[in-house]
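Just so you know, these numbers come straight off a predicted model, no measurement behind them. Within every chain, numbering begins at 1; the chains are lettered A, B, ... in the order of the sequence lines, protein sequences first and strands thereafter.
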There are 2 protein chains.
Amino acid sequence: MQSDVVASRSAEHRDSRESKNGTPQLDAVSLGIIEQLQEDGRRPYAAIGKAVGLSEAAVRQRVQKLLDQGVMQIVAVTDPLTVGFRRQAMVGINVEGDTEAIADALTDMAEVEYVVMTAGSFDVLAEIVCEDDDHLLDVINKRIRALPGVRSTESFVYLKLKKQTYMWGTR
Amino acid sequence: MQSDVVASRSAEHRDSRESKNGTPQLDAVSLGIIEQLQEDGRRPYAAIGKAVGLSEAAVRQRVQKLLDQGVMQIVAVTDPLTVGFRRQAMVGINVEGDTEAIADALTDMAEVEYVVMTAGSFDVLAEIVCEDDDHLLDVINKRIRALPGVRSTESFVYLKLKKQTYMWGTR
DNA sequence: CTGAGACTTGCGGATTTCGCAGGAGTGGCG
DNA sequence: CGCCACTCCTGCGAAATCCGCAAGTCTCAG
């Protein structure tokens, strides 16, 4: 068994190479490990090793490296509404000037969970998690709109979370 | 030690009660466990127990229940761009008629990672993960726009993911 | 009063984690 | 070509963790 995987390893033997934006290039084995952990973040290293054709120790090292590099994180995720955060919103932002600077400023805010730079009628999308309406209002109006370079914002308050998955590769 | 936690437990002794929408109500201890696992999804049960003032066995039982109930999942998360998915987008959708039906239909699509119903100028927001432009175009134009009741859509193609966190409660 | 539920303590045995000592393949360099 | 540095893998014990289970306590609800 596992002959395919082992055989293919020698063929693609570079791994720690970096692409131009600094993100490490992942080989098929690391992808396989990630896929396993996307199904179950607590799956034992030995089981993963069996699945991808590696020894337990090798899997452990690769997982550790993936974590250190920041390519992957193993965490518990929930629906924030279940955990006592009453208000969530996606905020679309238009920027004049340095878009990335705004994105960085958003990144530093604790209430901001998710920041992505986009093409389209918004320059930046940010997801916000708050305790209540006052808190949400405060973050959007006082903090985000106050950032120099923010031209306008539009808010989408969450009513109900319907889906949340982390299993690319599994398909 | 741990006298505070133990003392407080008797005060809030309901736990398996359900709120009206079917999501279980979480007490402070479960919140604490989730918080621990948001920092590190592989943290040992004994360590969690020490942090929240529970025995190892009790933590194990609670974690298992939280997973079974679907309140929480322990998984590996990555930036899809580093894992070979070239194109991602957020799609805002306007619906006429049953909004929830559209949301459910989106939920069934494998390429759709994240679905949320919102208030604002969009009724539904959906995050899409695709392999390339063709794939993305196909999903948006052929599949989403084809859903009966979808009035219009607007897409925001991702340029760069700046932040992705899962640590509410830690603040 | 009685039963149900949740937690604790304690306990082995199976499993997993973790650190470390090799071995093998690769790339750089004189 | 030979040597070295580097990276990745494997193998192996020792330590820690996981897991199931049983017995006892406590509190709440009926």
Side-chain angles (χ1 to χ4, degrees), chain A residues 1-19 23-34 36-37 39-76, chain B residues 1-19 24-34 36-37 39-69 71-76:
Chain A
M1 70 162 186
Q2 79 176 36
S3 51
D4 303 2
V5 184
V6 175
S8 70
R9 181 138 16 92
S10 59
E12 22 108 11
H13 202 279
R14 65 216 125 281
D15 172 43
S16 54
R17 185 183 55 177
E18 309 239 335
S19 66
T23 19
Q25 207 69 350
L26 302 178
D27 63 11
V29 180
S30 290
L31 258 340
I33 293 176
I34 292 177
Q36 293 290 317
L37 290 171
E39 288 174 17
D40 175 7
R42 273 182 170 259
R43 186 162 297 171
Y45 295 135
I48 299 173
K50 202 166 299 180
V52 303
L54 240 56
S55 70
E56 175 268 339
V59 174
R60 199 192 330 146
Q61 291 161 20
R62 285 179 100 120
V63 168
Q64 193 53 53
K65 196 198 301 179
L66 290 170
L67 293 170
D68 291 343
Q69 288 174 152
V71 236
M72 168 182 87
Q73 41 182 333
I74 300 177
V75 291
Chain B
M1 68 164 186
Q2 79 175 41
S3 50
D4 306 1
V5 184
V6 174
S8 71
R9 180 136 20 89
S10 59
E12 24 105 12
H13 200 278
R14 64 215 128 280
D15 172 41
S16 55
R17 188 184 54 179
E18 307 237 335
S19 67
Q25 205 69 349
L26 302 177
D27 64 10
V29 180
S30 289
L31 258 341
I33 293 176
I34 292 176
Q36 293 291 317
L37 290 171
E39 288 174 19
D40 175 7
R42 276 183 167 255
R43 186 160 299 169
Y45 296 133
I48 299 174
K50 203 165 297 182
V52 303
L54 242 55
S55 70
E56 176 266 346
V59 174
R60 204 193 322 149
Q61 292 163 22
R62 283 214 185 211
V63 168
Q64 193 53 54
K65 196 196 304 178
L66 289 170
L67 294 172
D68 290 342
Q69 288 175 152
V71 200
M72 165 180 91
Q73 41 181 333
I74 301 177
V75 292

What is the distance from atom [atom1] of [X] to atom [atom2] of [Y], rounded to the nearest 0.5 Å?
X: Gln61(B); Y: Gln64(B); atom1: CD; atom2: CD; value: 10.0 Å
X: Ile48(A); Y: Ile34(A); atom1: CD1; atom2: CD1; value: 11.0 Å
X: Arg42(B); Y: Leu37(A); atom1: CZ; atom2: CG; value: 6.0 Å
X: Ile74(A); Y: Ile74(B); atom1: CD1; atom2: CD1; value: 10.0 Å
X: Ser30(A); Y: Met72(A); atom1: OG; atom2: CE; value: 9.0 Å

Nucleotide [N], atom [atom2] - distance to [atom1] of [X] in whole Å:
X: Asp27(A); N: dC9(D); atom1: CG; atom2: C1'; value: 13 Å
X: Gln64(A); N: dC8(D); atom1: CD; atom2: C1'; value: 16 Å
X: Lys65(B); N: dG5(C); atom1: NZ; atom2: P; value: 10 Å
X: Lys50(B); N: dT8(C); atom1: NZ; atom2: P; value: 14 Å
X: Arg42(A); N: dT15(C); atom1: CZ; atom2: P; value: 18 Å
X: Arg62(B); N: dC18(D); atom1: CZ; atom2: P; value: 18 Å

Taking only residues two or more places apart in sequence, or in another chain, which ones meet Glu56(B) in a side-chain contact (heavy atoms from CB on, under 4.5 Å)?
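With neighbours one apart ignored, the set is Tyr45(B), Ala46(B), Arg60(B).
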
Closest-nucleotide ordering on DNA chain C, the 5'-leading residue of Arg43(A) and Val59(B)
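Of the two residues, Val59(B) wins.
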
Could you report the tightest heavy-atom contact between Val52(B) and Ile33(B), atom names first, then the distance?
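Result for this residue pair: CG1-N, 3.8 Å.
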
Arg62(B) and Val29(B): which non-hydrogen atoms are nearest, and at how many Å?
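What the structure gives for the nearest pair is NH1-CB, 3.9 Å.
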
Could you run down the sub-3.5 Å N/O contacts of the protein with nucleotides 18-21 of chain C?
residue : atom : partner  : partner atom : Å
dC18(C) : N4   : Arg60(A) : NH2          : 3.4
dG19(C) : N7   : Arg60(A) : NH1          : 2.8
dG19(C) : O6   : Arg60(A) : NH2          : 3.2

Looking at the side chain of Pro44(B), which of dC9(D), dC18(D), dC7(C) is the nearest nucleotide?
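The nucleotide sitting nearest to the side chain is dC18(D).
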
Of the listed nucleotides dT9(C), dC7(C), dT10(D), the one nearest the side chain of Ser55(B):
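Selected nucleotide: dT9(C).
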
Please round to 10 degrees the angle between the axis of the first five pairs and the axis of the last five pairs in the helix from dC1(C)-dG30(D) to dG30(C)-dC1(D).
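About 40° separates the two local helix axes.
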
